[in-house]
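These notes are about the structure you will find just below.
Numbers for residues simply follow the sequence, beginning at 1. Whatever order the structure lists them in is the order used to number ligands and atoms, beginning at 1.
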Amino acid sequence: MKKDFSVGKTDALIIVDVQNDFCHGGALPVPEGDQVIPVLNDYIILFGKANAGVFATRDWHPPNHVSFKTRGGRWSPHCVQNTEGADFHPDLKLPNSATIVSKAMDPLKDAYSGFDGTELATLLRMQSAARVFVGGLATDYCVKHTVLDARKLGFEVVLLSDAIAGINAEPSDAAKAINEMVESGAEQATLADVLDPLGLPPHGDPDAERLGEKPLSKFETKKKARMRPRGPYKKIRTERG
Ligand code: VGL
Ligand code: ZN
């Protein structure tokens, strides 16, 4: 049986750590990290339409955090509170209604999960969220630990496979992380799976605009396309890609 990934009120979107320091040009760039942004923007629109909650976690370290090389940790200093590197990436279109969850603020404690030392679980329960859709950065660290904690806390989890990217310090780290998340009971879906119940076509064809540029206009576009005489229009469109 096909899984139902249609988004409703008891679902929530968790966007993990889409911050400048994890993107191109940042202090701890995740290879291809920026590529998750336009996809997440589409999920944001879908969740908005469904009146489902949108949460964005951010790595929010004090300058002397234990995970920094300067303190004997493994990472270059990154996502220091109130620096540009800790800002959400400017291309991420977070709605004003999104709930921001800051994490890993204890200087002495390594923390990767969005649930670790935060109110995230409480906030989700207050919104009656039973299922969380998780995407963002990085697959092998904060996404993984957030998903594993969500499962432990009793949430259903949908891992957004097309909206995650890994650090891959070891080449198979992200793949291993995905296996662990699936082992824990997380399901995997892509934008096409989530759009499908709405009758929206998947992206990937040359005519498909991102939802963000023309929010859910596909309904109208489809209708108009049916009414429009076949011929020159069609041709111009197909020649474009
Ligand atoms: C992360 C490494 C260090 C993450 C945070 O967001 O995945 N990775 N701090
Ligand atoms: Zn960190």
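Proximity of Val30 to ligand 1, defined as any heavy-atom pair under 4.0 Å, is not found for any part of the residue.
Heavy-atom proximity to Cys142, at under 4.0 Å, picks out these atoms of ligand 1: 1 (C), 4 (C), 5 (C), 6 (O), 7 (O). When each atom of ligand 1 is checked for a heavy atom of Asp17 under 4.0 Å away, the hits are 4 (C), 6 (O).
Looking at Arg58 and Asp17, no side-chain N of the basic residue comes within less than 4.0 Å of a carboxylate O on the acidic one, giving no salt bridge.
Backbone or side-chain N, O or S atoms of His61 reach the Zn ion (ligand 2) at under 2.8 Å.
In this structure, His78 and His61 have perpendicular ring planes: the angle between them is above 60°, well past the 30° mark.
The shortest heavy-atom distance from Gln19 to ligand 1 is not under 4.0 Å.
Between Asp59 and ligand 1, at least one N/O pair is under 3.5 Å apart. At least one N/O-N/O distance between Ala138 and ligand 1 falls below 3.5 Å. Polar contact with ligand 1: absent for Lys103 (N/O pair, distance under 3.5 Å).
Counting protein heavy atoms only, atom 8 (N) of ligand 1 is closest to Tyr141 CB, 3.7 Å.
Between atom CE of residue Met181 and atom OG of residue Ser161 there is a gap of 9.0 Å, rounded to the nearest 0.5 Å.
The minimum heavy-atom distance between Cys79 and Asp21, with the atom names listed, is N-OD2, 2.7 Å. Considering all non-hydrogen atoms of both residues, Ala165 and Pro31 come closest at CB-O, 3.9 Å. When every heavy atom of Ser76 is checked against every heavy atom of Ala27, the shortest pair comes out as CB-O, 4.0 Å. Of all heavy-atom pairs between Lys103 and Cys142, the closest is NZ-SG, 3.2 Å.
Among the heteroatoms counted here (N, O or S) of Asp59, OD2 is the one nearest to the Zn ion (ligand 2). His78 has its closest N, O or S atom to the Zn ion (ligand 2) at the position named NE2.
No side-chain heavy atom of Thr57 sits under 4.5 Å from any side-chain heavy atom of Thr118.
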